Amino acid sequence: MAMLCVACGRMAGGRVATQDERHEIQLLNDSGSSMRNLSDFASALRLHEQALELAQKAGDSVGWVIATNHLGTDMRRLGELQEALTYHLEALRMAEEIAERDTSHVARKNVLRSLNGLGNVHSTLGNEVMAERYFRRALEGEKHINSALGLAINYA
């Protein structure tokens, strides 16, 4: 998995993604989510892997976090729970590094999505204590940013 340059806030290599690259990464992530919602997991995985690869090459750490979280969700829905945990943990690690320097809504939301993903995987594994810890952390964050949708997702 890609590494974040802590000093510069970019992916290793120091490159910054262009607007067109960020747009393509978003389209790949959105298309992958649509395919997952249609239960076309092979297409979802392929599109999210392409988004991850492009984000890494382009130096788009936010796109990388989003693609990594999507891959975690794909894996959870496929029953590959250890791999799902790995993806969500890696996304959380990078999202938290980004959020240390960037207090924007997007940066904070990516941390919360990672926490929610981890809660879902632990819940699926039957680790209710761990699931509740992650869900409560995500819920507190959603309260802090006043996200009605995030609150609804976490209460569910």
Side-chain angles (χ1 to χ4, degrees), residues 1-33 36 44 47-77 81-125 127 129-156:
M1 299 213 168
M3 298 300 294
L4 180 71
C5 172
V6 177
C8 62
R10 297 183 209 134
M11 306 282 298
R15 189 171 175 281
V16 177
T18 66
Q19 183 85 8
D20 286 343
E21 288 170 325
R22 285 192 301 273
H23 181 70
E24 185 176 351
I25 293 162
Q26 182 179 351
L27 284 174
L28 288 165
N29 276 321
D30 291 347
S31 297
S33 295
R36 181 177 62 227
L47 290 162
H48 289 140
E49 287 169 352
Q50 288 175 351
L52 181 66
E53 185 177 313
L54 180 56
Q56 185 173 352
K57 287 179 183 175
D60 182 359
S61 54
V62 171
W64 187 94
V65 168
I66 292 168
T68 302
N69 269 321
H70 279 307
L71 285 164
T73 301
D74 296 343
M75 290 300 170
R76 177 177 56 86
R77 297 225 182 131
L81 302 179
Q82 291 304 318
E83 197 162 352
L85 279 174
T86 299
Y87 278 116
H88 285 305
L89 283 168
E90 192 62 22
L92 177 61
R93 182 195 60 76
M94 186 178 287
E96 287 178 332
E97 286 182 20
I98 294 167
E100 287 178 10
R101 292 174 308 285
D102 179 355
T103 60
S104 70
H105 178 82
V106 170
R108 289 183 281 169
K109 195 69 174 174
N110 281 331
V111 171
L112 302 176
R113 285 183 181 121
S114 301
L115 291 168
N116 184 271
L118 286 162
N120 282 319
V121 176
H122 279 288
S123 181
T124 303
L125 284 166
N127 298 337
V129 172
M130 287 299 294
E132 184 176 350
R133 284 184 194 155
Y134 283 116
F135 286 139
R136 286 192 183 278
R137 283 181 60 195
L139 183 62
E140 287 305 310
E142 298 291 358
K143 286 178 184 176
H144 183 72
I145 65 171
N146 208 16
S147 171
L149 177 60
L151 288 169
I153 289 169
N154 278 278
Y155 277 127

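Keep in mind that this is a model prediction, so the values were computed, not measured.
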Considering only heavy atoms from C-beta outward, does the side chain of [X] approach that of [Y] to under 4.5 Å?
X	Y	value
Leu118	Arg133	no
Leu81	Met75	no
His48	Tyr87	no

How far apart are the closest heavy atoms of [X] and [Y], and which atoms are they?
X	Y	result
Asp60	Ala17	CB-CB, 3.7 Å
Leu112	Ala138	CD2-O, 3.7 Å
Ala84	Gly72	CB-O, 3.3 Å

>> According to side chain to side chain donor-acceptor pair (under 3.5 Å), does anything in residues 111-125 pair up with another residue at least two apart or in another chain? List the pairs.
In response: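 Listed once each, the pairs are Asn69-Ser114, Asn110-Arg113, Asn116-Asn120, Asn116-Asn154, His122-Asn127.
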Check residues 24-31 and write down every donor-acceptor pair under 3.5 Å in which the side-chain atom is one partner and the other belongs to a residue at least two apart or another chain.
| residue | atom | partner | partner atom | Å |
| --- | --- | --- | --- | --- |
| Asn29 | ND2 | Ile25 | O | 3.4 |
| Ser31 | OG | Leu27 | O | 2.9 |

Enter the distance from [X]:[atom1] to [Y]:[atom2] here, rounded to the nearest 0.5 Å.
X	Y	atom1	atom2	answer
Ser33	Leu47	OG	CG	9.5 Å
Ser61	Met94	OG	CE	6.5 Å
Leu92	Thr68	CG	OG1	11.5 Å

>> Could you go through Glu53 and Glu49, starting from their C-alpha distance and side-chain angles, then the distance that decides it, and tell me whether this counts as side chain to side chain contact (heavy atoms under 4.5 Å, CB included)?
In response: CA-CA 6 Å; Glu53 185 177 313; Glu49 287 169 352; over 6 Å; no
>> Going by side-chain contact (heavy atoms from CB on, under 4.5 Å), name the residues that satisfy it together with Arg137, two or more places apart in sequence or in a different chain.
In response: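 If we apply the side-chain contact (heavy atoms from CB on, under 4.5 Å) test to Arg137, skipping adjacent residues, the hits are Glu96, Leu115, Tyr134.
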>> As a quick check of understanding, evaluate side chain to side chain contact (heavy atoms under 4.5 Å, CB included) for Trp64 and Glu90, giving each step before the final call.
In response: CA-CA 10 Å; Trp64 187 94; Glu90 192 62 22; 3.3 Å; yes
> Would you say Thr86's side chain and Gln82's backbone share a donor-acceptor pair under 3.5 angstrom?
Replying inline: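 Yes; at least one donor-acceptor contact below 3.5 Å.
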> Does the side chain of Ser104 pick up a donor-acceptor pair with the side chain of Asp102 at under 3.5 Å?
Replying inline: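 Yes.
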> Could you give all pairs that pass the salt bridge (charged side-chain N to carboxylate O under 4.0 Å, His left out) test and reach residues 141-150, with sequence neighbours left out?
Replying inline: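 Every pair satisfying salt bridge (charged side-chain N to carboxylate O under 4.0 Å, His left out) with a residue in residues 141-150: Lys109-Glu142, Glu140-Lys143.
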>> If you apply the rule side chain to side chain contact (heavy atoms under 4.5 Å, CB included), what do you find for Glu132 with Val129, and how did you get there?
In response: CA-CA 5 Å; Glu132 184 176 350; Val129 172; 6.0 Å; no
> Sequence neighbours excluded, which residues qualify as side chain to side chain donor-acceptor pair (under 3.5 Å) partners of Arg108?
Replying inline: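 Arg108 satisfies side chain to side chain donor-acceptor pair (under 3.5 Å) with no residue once adjacent residues are dropped.
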>> Tell me every residue that passes side chain to side chain donor-acceptor pair (under 3.5 Å) with Arg22, counting only those two or more places apart in sequence or in another chain.
In response: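 Here the qualifying residues are Gln19.
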